[in-house]
Amino acid sequence: MAGAGRVLPRAFFDRDVVDVARDLLGRIVESRTPDGFVSVRLVETEAYAGEDDPASHAWRGPTPRSAVMFGPPGRLYVYFTYGMHHCANVVCGPDGIASAVLLRAGEVVDGVDLARARRRPGVADRQLASGPANLAMCLGLDTGGTGTDVVAAGSPLRLRSGDPVPDDAVLAGPRVGITRAVERPWRFRVAGNPYVSRPRRAGG
DNA sequence: ATAACGATTAGCT
DNA sequence: GCTAATCGTTATA
């Protein structure tokens with residue numbers, strides 16, 4: 001919204017996915033749907049580096065589900081998992097290189113009422129978007145959002161420049177919920193921020 | 001056609 | 001810390 005800065009250009013996403021994941025902290029994701037507007041300040045992300053990354057959905061080449069990851073940067077990849085959850089990624093790197101950043105957590109800064117309505121009743125505000133599935137829920141995203149161009153004018157989901165987080169305020173640690181390539185420290189979060197996905201030890 | 005499992009979460013011990 | 005919930009995707013036959 002006003003004050004959230006300019007819409008991030010496609011070139012922002014057309015870079016090394018690890019750099020993009022770190023640089024997305026402090027940026028604003030905004031969702032505009034028929035039922036309203038919600039915006040979230042990102043505080044936690046993860047990088048997935050495509051065919052070279054055993055933890056990535058793109059690891060063994062394109063499938064119907066992961067096809068969008070192999071396309072141009074700036075598109076959404078929303079997948080359904082555990083029979084009940086949706087998680088949202090933004091495709092990064094040049095066309096043909098399947099990498100993406102998983103949006104893991106954030107602070108709802110606008111449209112809090114709508115975000116609350118999309119979550120179970122009674123959820124604390126600091127937990128509204130704490131976790132990738134919770135964040136996707138706040139934004140009203142499901143697999144139908146896959147392919148959305150977050151750079152296009154009038155897109156229902158866009159990213160704005162917000163206030164970038166300086167490197168010395170960023171913690172890097174292992175990614176969550178994966179069993180392969182666990183050692184790659186490609187989860188990034190804002191140090192000491194209360195809106196990160198559920199309480200974890202510092203440095204983790 | 002079928003089986004195994006997952007980039008999770010909430011609730012309970 | 002442990003586990004049920006729940007179904008699309010993927011691999012295998």
Side-chain angles (χ1 to χ4, degrees), chain A residues 13 16-22 24-25 29 40 42-71 73 75-93 97-108 115-148 150 157 159 171-189 194-202 204:
Chain A
F13 304 100
D16 183 283
V17 67
V18 176
D19 293 338
V20 179
R22 182 169 29 217
L24 274 173
L25 297 178
V29 198
V40 174
L42 294 173
V43 300
E44 184 175 333
T45 61
E46 277 176 1
Y48 285 88
E51 292 176 282
D52 294 329
D53 180 1
S56 170
H57 289 170
W59 180 38
R60 297 188 204 180
T63 65
R65 179 177 66 158
S66 66
V68 69
M69 290 181 74
F70 290 79
R75 289 186 183 167
L76 273 185
Y77 168 44
V78 185
Y79 65 88
F80 180 68
T81 191
Y82 290 97
M84 60 187 85
H85 296 305
H86 296 280
C87 298
N89 305 253
V90 183
V91 176
C92 295
I97 301 299
S99 61
V101 173
L102 172 65
L103 308 180
R104 286 195 57 91
E107 170 188 2
V108 178
R116 287 195 193 109
R118 286 170 169 165
R119 298 295 317 281
R120 297 255 166 176
V123 174
D125 282 0
R126 77 171 43 183
Q127 294 177 39
L128 281 174
S130 67
N134 294 335
L135 175 53
M137 217 178 297
C138 283
L139 296 173
L141 288 171
D142 60 21
T143 54
T146 292
T148 299
V150 304
L157 194 115
L159 283 127
L171 294 179
R175 295 174 290 183
V176 177
I178 58 171
T179 56
R180 298 172 179 278
V182 182
E183 73 285 357
R184 302 186 192 188
W186 288 351
R187 174 165 63 119
F188 300 101
R189 60 206 164 117
Y195 296 92
V196 296
S197 66
R198 72 163 112 195
R200 291 171 196 284
R201 311 188 40 155

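Chain letters run A, B, ... following the sequence lines, proteins first and then strands; every chain starts at 1.
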Consider the side chain of A:Y82, meaning its heavy atoms from C-beta on, and name the nucleotide among C:dG8, B:dG6, B:dA7 that approaches it most closely. B:dG6
What distance separates A:I178 CD1 from A:L102 CG, expressed to the nearest 0.5 Å? 10.5 Å
Whole-Å distance separating the CZ atom of A:R180 from the P atom of B:dC5: 12 Å
Assess, by modelled atom type and distance only, whether the side chains of A:T143 and A:T146 contain a donor and an acceptor separated by less than 3.5 Å. no
Nearest nucleotide by nearest heavy atom, which residue falls closer to the 5' end of DNA chain B, A:A133 or A:G83? A:G83
Nearest listed nucleotide, side chain of A:M84, among B:dA10, B:dT9, C:dT6: C:dT6
Whole angstrom is fine here: how far is it from NE2 in A:H86 over to P in B:dT9? 13 Å
note: A:Q127, atom CD; B:dT9, atom P; distance rounded to Å ~ 11 Å
When rounded to whole Å, the NE2 to P distance for the pair A:H57 and B:dT8 reads 9 Å
So does A:T63 get a side-chain nitrogen or oxygen closer than 4.0 Å to the phosphate oxygens (OP1/OP2) of C:dT10? yes
In whole angstrom, give the distance that lies between atom CZ of A:F80 and atom P of B:dT9. 13 Å
Could you grab the distance from atom CG of A:L128 to atom CE of A:M137, nearest 0.5 Å is fine? 10.5 Å
Classify A:R60 by what it touches in the nucleic acid, base, sugar-phosphate, or nothing, heavy-atom distance under 4.0 Å. sugar-phosphate
Regarding A:R65, tell me which of base, sugar-phosphate or nothing describes its non-hydrogen contacts under 4.0 Å with the strands shown. sugar-phosphate
Hey, does A:R119 reach any base, or is it just sugar-phosphate, or nothing, if we go heavy atoms under 4.0 Å? sugar-phosphate
Quickly work out the A:W59 CH2 to C:dT9 C1' distance and round it to whole Å. 16 Å
So, does A:R175 use its side chain to make a donor-acceptor pair with the main chain of A:A181 at under 3.5 Å? yes
Mind calculating the distance between CG (A:L141) and P (B:dA7) to the nearest angstrom? 18 Å
Does A:Y48 reach a base, just sugar-phosphate, or nothing at all? Heavy atoms under 4.0 Å. base
Looking at A:D53 and A:Y48, would you say the former's side chain and the latter's main chain have a donor-acceptor pair under 3.5 Å? no
Using atom CG of A:L135 as one end and atom C1' of B:dA7 as the other, report the distance to the nearest whole Å. 13 Å
Regarding the side chain of A:H85, the nearest nucleotide among B:dT9, B:dA10, B:dA7 is B:dT9
Choosing from B:dA7, B:dT9, C:dG8, which nucleotide comes nearest the side chain of A:Y79? B:dA7
For B:dT2 and C:dT6, measure between their P atoms and round to the nearest Å. 23 Å
Counting the atoms with a prime plus P, OP1 and OP2 as sugar-phosphate, which does A:L102 contact under 4.0 Å by heavy atoms, base, sugar-phosphate, or nothing? base
If you look at every strand shown and take non-hydrogen atoms under 4.0 Å, does A:A55 touch a base, only sugar-phosphate, or nothing? base
Could you check whether the rings of A:Y79 and A:H57 sit parallel, tilted or perpendicular, using 30° and 60° as the cut-offs? perpendicular
In the strands shown, is C:dT10 matched to any nucleotide by a Watson-Crick or G-U wobble pair with both distances under 3.5 Å, and which? B:dA3
Just checking A:N89: base, sugar-phosphate only, or nothing, at a heavy-atom cut-off of under 4.0 Å? base
